[in-house]
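Structure first, commentary second.
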Amino acid sequence: MTQRAAGAGDELAERRYEPVIGLEIHVQLKTRTKMFCGCELAFGEEPNTLTCPVCLGHPGTLPVLNAEAVHFGLMIGLALGCEIAPRSIFHRKNYFYPDLPKGYQISQYDIPLATGGRLGDVRIHRVHLEEDAAKLVHAGSSGRIHGAEASAVDFNRGGTPLVEIVTEPDIHSPQQAGEWLRLLRATLKRLGVSDVNMEEGSLRCDANVSIRPAGTATLGTKTELKNMNSFRFLERGIEAEIARQEEILRGGGAIEQETLHFDPATGSLSSLRSKEEAHDYRYFPEPDLVPIAPTDEMLARAREALPELPAARAERFERDLGLPAATAKLLAFRSELGDYFEEALAADSADAPALANWVTVELVPRLEDEDPFASKVKPRALARLVAMVSERSVSQSAAKEVLDVLAAEGGEPAAIVEQRGLGMAGANELGAIVERAIEANPKAAEEFRAGKQKAIGAIVGFVMRETQGRADGGEVNRLIREKLGA
Amino acid sequence: MIAREQVLHVARLARLALTEEEVERMTEELSSILEHIERIGELDLDDVEPTSHVVDVENVLRADVPRPSLPREKALAPAPDPGPAGFRVPSPGAS
Amino acid sequence: MSELLELSAAAAAERVRAGELSARELFELYRERAANEDLGAFLWVADEAPEVPADAPLCGVPVAVKDLFCVEGVPSTAASRILEGYRPPYTATAVERLIEAGAPVLGKTNMDEFAMGSSNENSGYGVVLNPWDRERVPGGSSGGSAAAVAAGLAPWAIGTDTGGSIRQPAALCGIVGLKPTYGAVSRYGMIAFASSLDQCGPLTRDVTDAALLLRHLVGRRDPCDSTHLEFPGEVSLPGAESLTGLRFGVWGLEEEGVEPGVAAACRAALARIEELGGAVEEIELPYAEHGLSAYYVIAPAEASANLARYDGVRYGARSLDGDLTSMYERTRAEGFGAEVKRRIMIGTYALSSGYYEAYYGRAQKVRTKIVESFRAAFEKVDFVVTPTSPTVAFKLGERTANPLAMYLSDYFTVPMSLAGIPAISIPAGLSDGLPVGLQIAGPPFSESRILDAAHALEQAIGFEGRRWR
């Protein structure tokens, strides 16, 4: 065996890297009014119809904090297991941009609403309140101003309450990032504090990505990825960034700290800000607002408003109802599906794992809308159907037919079974069919009598065809054996 | 003392276009003002808490109840360049 | 000259209440004077007398309003070119309360641009002349309001005080000016200079008028201002004739910057206090001498953010010659005057990365020490007394070339602003024919007691301040 001296370049090229990922999530809160003024929040209204002197940043106006936004913030903090700050304050983050009417964003800085916490396997660094920017619409070259391209600002969205959630860098793959964000989304949805719609921007996720040689503990230089407005883009964006960083390091280069914009159309990343525009936000305490010091009452109210959260629910489904882990997660992370399942379970004392299986495997593909409650299949009806299968008053395959009818027209499963003759074949009917089956398969009957067990299959098959699946396989077997004197 | 480059940097942060003459005057004036201000640098303030506000109240909150917004025309009326899509500005990053 | 002009605002209100004078006649008298004045005190004057409810407590006595207050549909520019033509879509709470109380807006008064200045020479719309000597400044930043009241162009006025902007021009124009406790008057609709310091207050001919106007500026909490506080009880109208049992702590009379004439007038006033039964003693106010340094960090820092909204996007002036950045830079370069730019620069610098702790952080700590100094002082004395301004009104142009010298005008007024405590300036006498102001400060929400003491002293001094003859 010849010894080969590994060159430094080869070592670099062959080194395995571990990604270190942290997420920053902005959540638009579902309050009725804006963070600091009484303008209503609505999506898709005519531009600049939901504004007032305060959210337009008119001279002399002052912000007054929305109590419900604080309540929602506290709920999120508690749901994520954070410690609520006894006294938190707002700062001004100063920068110029047309979508920022005051020339500063009111945000929390060194003393956020909540810190430390955990969701699933990812630790939470902080949770804070801030206001959203307005919407800047690029008018393109059609509406030029002095020859330059023009944009128009719509302040309807400006001042929407936001909660920013920052995780610790505990994520180590794009898939883990996606899965964790789904859990967070389900959690927030369950809390009822946000629409959490990534396409509409009520849930926005930035990722801080760095890589380090596998097995080492130091953190590499991180980059910030923006604009990943779907779970798929989040995973693809992070994947692309990991690949880009690996290529740079393998080539002996160094990662530059920068903000990158992910273009979903091309899957490429481009630098957002040039270095000389380095930001200096000149944070200082917002003198127009007073501190938030959550009282016992505020905390109690937030605690009481907490529903059972997806992670806990999945655990309960698994532990108390004996559901398989994957099914339990599926139901718990899509909270309406979980609610549907539980309502069905309460309606009829069905077998929980069977019911869960019917919900996730049979019902979901038949749904037209995300929301199962919008379907014509009422939870009670599905539960009854599953019970009928357990009671053997309808067969598996017939029950699927019944479900098709329920999904298309609604109604009661028993009535559909009755109407369409989908019930189990009765004892007399079945007995007659078995006799016919034996007559029609004399050879198989002979072979079976001679001891060839397998031969019964042909006779069973005949019965099943005749009954169109409305017979229980075990019962059919028993009857044939009886008739053949076995 | 404040250097000319710092004056230019701060002017950029504050979005103020300064003429050459203003830059020179500002460098001088800011230096003398800052020199006066810097006297507080000699005080022993190690264990002193900062005061950002003298009002000693907390939790001033507003009920989440909608109030009428401005009619769109009234919102746009004072704008230098109003348009149907909103307040028009040169696009960021465009030239 | 109409004898009506001789009436204080409170006396005029009494006449109207008694049915001896019509509110419309009174309004027209002042409207006429304000529209034809030649001091540069007004930037806008109302066309006609608005309807005033018959039972309104201020009986239609009109008020001059500093141009820093937004009044719906009325030009409100903070004396800045950047807000030229701006007519706000809403009205400031303070103004609304006065209108409700029966004091309609007579006009908008000139001021230093965005309230930054101590001479009113920084207005984007011209200087204001001091009615005592037209070659001198009226003080600032509420110079228009002070000159208007002193010259009988308005029965009374409101102004704003961030570091002395009510008290100093009141002193230089020989009238009464009160800066209330921080938070006592709503700031909603008052164009912000330095949010943690700005406070609205009255500028009046006498102490009684100041009390009456203040009574209607304060009150129930304004839901539009998070830092506004409900005033404890009603502001009482002053009636004291004696100062027996009250202790006055004097600070700063020995400072080298105090003009001898100013010191002499203040000493004479102190002698009156003792004659009225008050006890006068020298006190220490540790760190107050550093107030000016702290103030000239904190106020510009807050201002640099407060003035970032003037960007040419939603209202006000816009200068355009290409891309977005140059639109911002030119709009602000052309719209703001020199002093405003200077303060934005200081404030931006003080907050910028690497300098925050050295400037802003330390200034806030000095502020803490000053708050503590006053607290300690008020354990020994009822009031702190100082000259309002180290000098009498100075000549126009005398200090414009030297910003630092101008800032020193605020030496005695800034500590009270930093501590958020109420302080009044009343005329103490004359120095070379020009008015000298005496400042009396008390603990938070001690306005009624300050006004009472100031009233007793005012009666004893008997200052003759009418400048319209």
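These numbers were taken from a predicted model, which means no experiment stands behind them. Naming: A, B, ... by sequence-line order, numbering from 1 per chain.
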| C:Thr162 versus C:Tyr295: any side-chain heavy-atom pair under 4.5 Å? | yes

| Residue pair B:Ala14 / C:Thr348: nearest heavy atoms and the distance that separates them | CB-OG1, 3.7 Å

| Who wins among B:Leu76, B:Leu70, B:Leu34, B:Thr19 for the most heavy-atom pairs under 4.5 Å with chain C? | B:Leu34

| task | Would you mind checking which part of B:Ile2 comes under 4.5 Å of any heavy atom in chain C, side chain (CB onward), backbone (N, CA, C, O), both or neither? | result | side chain

| note | Heaviest contributor of heavy-atom pairs below 4.5 Å to chain B, chosen from C:Tyr315, C:Tyr90, C:Tyr86, C:Tyr296, is C:Tyr315

| said: Under 4.5 Å from any heavy atom of chain B, what part of C:Leu418 do you find: side chain, backbone, both or neither? | reply: backbone

| field | Proximal component of B:Leu30, with respect to chain C [non-hydrogen, under 4.5 Å] | value | side chain

| said: Between C:Tyr407 and chain B, with a heavy-atom cut-off of 4.5 Å, which part of the residue counts as in contact: side chain, backbone, both or neither? | reply: side chain

| request: Heavy-atom pairs under 4.5 Å with chain C are the metric here; pick the option from B:Val55, B:Val7, B:Leu45 that has the most. | output: B:Leu45

| request: Using non-hydrogen atoms and a 4.5 Å limit, figure out which bit of B:Asp56 sits close to chain C: side chain, backbone, both or neither. | output: neither

| query | So what's closer than 4.5 Å to chain C heavy atoms on B:Leu16: side chain, backbone, both or neither? | reply | both

| said: Main chain of C:Phe445, side chain of C:Thr181: is a donor-acceptor contact present, judged purely on distance under 3.5 Å? | reply: yes

| message | If we define contacts as heavy-atom pairs under 4.5 Å, which of B:Ala79, B:Ser52, B:Pro80 has the most with chain C? | response | B:Pro80

| message | If you count heavy-atom pairs within less than 4.5 Å of chain B, which of C:Lys365, C:Arg221, C:Arg332, C:Glu334 leads? | response | C:Lys365

| Chi angles and distances behind the ring-ring contact (aromatic ring centres under 6.0 Å, His included) call for C:Tyr182, B:His53 | CA-CA 10 Å; C:Tyr182 181 85; B:His53 223 282; 5.3 Å; yes

| query | Relative to chain C, which of B:Glu49, B:Arg25, B:Glu29 shows the most heavy atom pairs under 4.5 Å? | reply | B:Glu29

| request: Let me know if C:Val313 has heavy atoms under 4.5 Å from chain B in its side chain, its backbone, both or neither. | output: both

| field | Salt-bridge present (C:Glu302, C:Arg343; N to O < 4.0 Å) | value | no

| said: I'd like to verify something: which residue of C:Pro89, C:Ala308, C:Gly183, C:Gly361 has the highest number of heavy-atom pairs under 4.5 Å with chain B? | reply: C:Pro89

| message | For chain C, which candidate among B:Pro78, B:Gly86, B:Pro82, B:Ser32 shows the most heavy-atom pairs at distances under 4.5 Å? | response | B:Pro78

| query | Closest heavy-atom contact between C:Val74 and C:Pro88? | reply | O-CD, 3.2 Å

| query | Which pair of heavy atoms, one from B:Ala17 and one from C:Ala333, lies closest together, and at what distance? | reply | O-CB, 3.1 Å

| message | With chain B as the partner, which of C:Glu372, C:Lys341, C:Met327, C:Arg330 has the greatest number of non-hydrogen pairs under 4.5 Å? | response | C:Lys341

| Under 3.5 Å, side chain of C:Arg309 to main-chain N/O of C:Arg314, donor-acceptor pair present? | no

| chain B contact via C:Arg87 - side chain, backbone, both or neither, heavy atoms under 4.5 Å | neither

| said: Test your reading of the model: is there a side-chain donor-acceptor pair from C:Ser80 to the backbone of C:Glu113, 3.5 Å cut-off? | reply: no

| task | Against chain B, label C:Tyr287 side chain, backbone, both or neither, depending on which of its atoms sit under 4.5 Å from a heavy atom there. | result | side chain

| query | Between C:Ser226 and chain B, which part of the residue has a heavy atom less than 4.5 Å away: side chain, backbone, both or neither? | reply | both

| query | So what's closer than 4.5 Å to chain B heavy atoms on C:Pro403: side chain, backbone, both or neither? | reply | side chain

| query | What heavy-atom pair brings B:Ile33 and C:Arg342 nearest, and what distance separates the two atoms? | reply | CD1-CD, 4.0 Å

| note | Bottom line for C:Ala363: the part with an atom under 4.5 Å from chain B's heavy atoms is both

| Proximity breakdown for C:Tyr355 and chain B, heavy-atom pairs closer than 4.5 Å | side chain

| Non-hydrogen side-chain atoms of C:Arg399 and C:Ser409 separated by less than 4.5 Å | yes

| Has the side chain of B:Arg62 got a donor or acceptor atom that lies under 3.5 Å from a matching backbone atom of C:Pro223? | no

| task | State, with a plain yes or no, whether a side-chain heavy atom of C:Leu285 is found less than 4.5 Å away from one of C:Phe374. | result | yes

| remark: For C:Pro180 and C:Gln199, the nearest pair of non-hydrogen atoms, with its separation, is O-CG, 3.5 Å

| Heavy-atom distance under 4.5 Å to chain C: side chain of B:Leu18, backbone, both or neither? | side chain

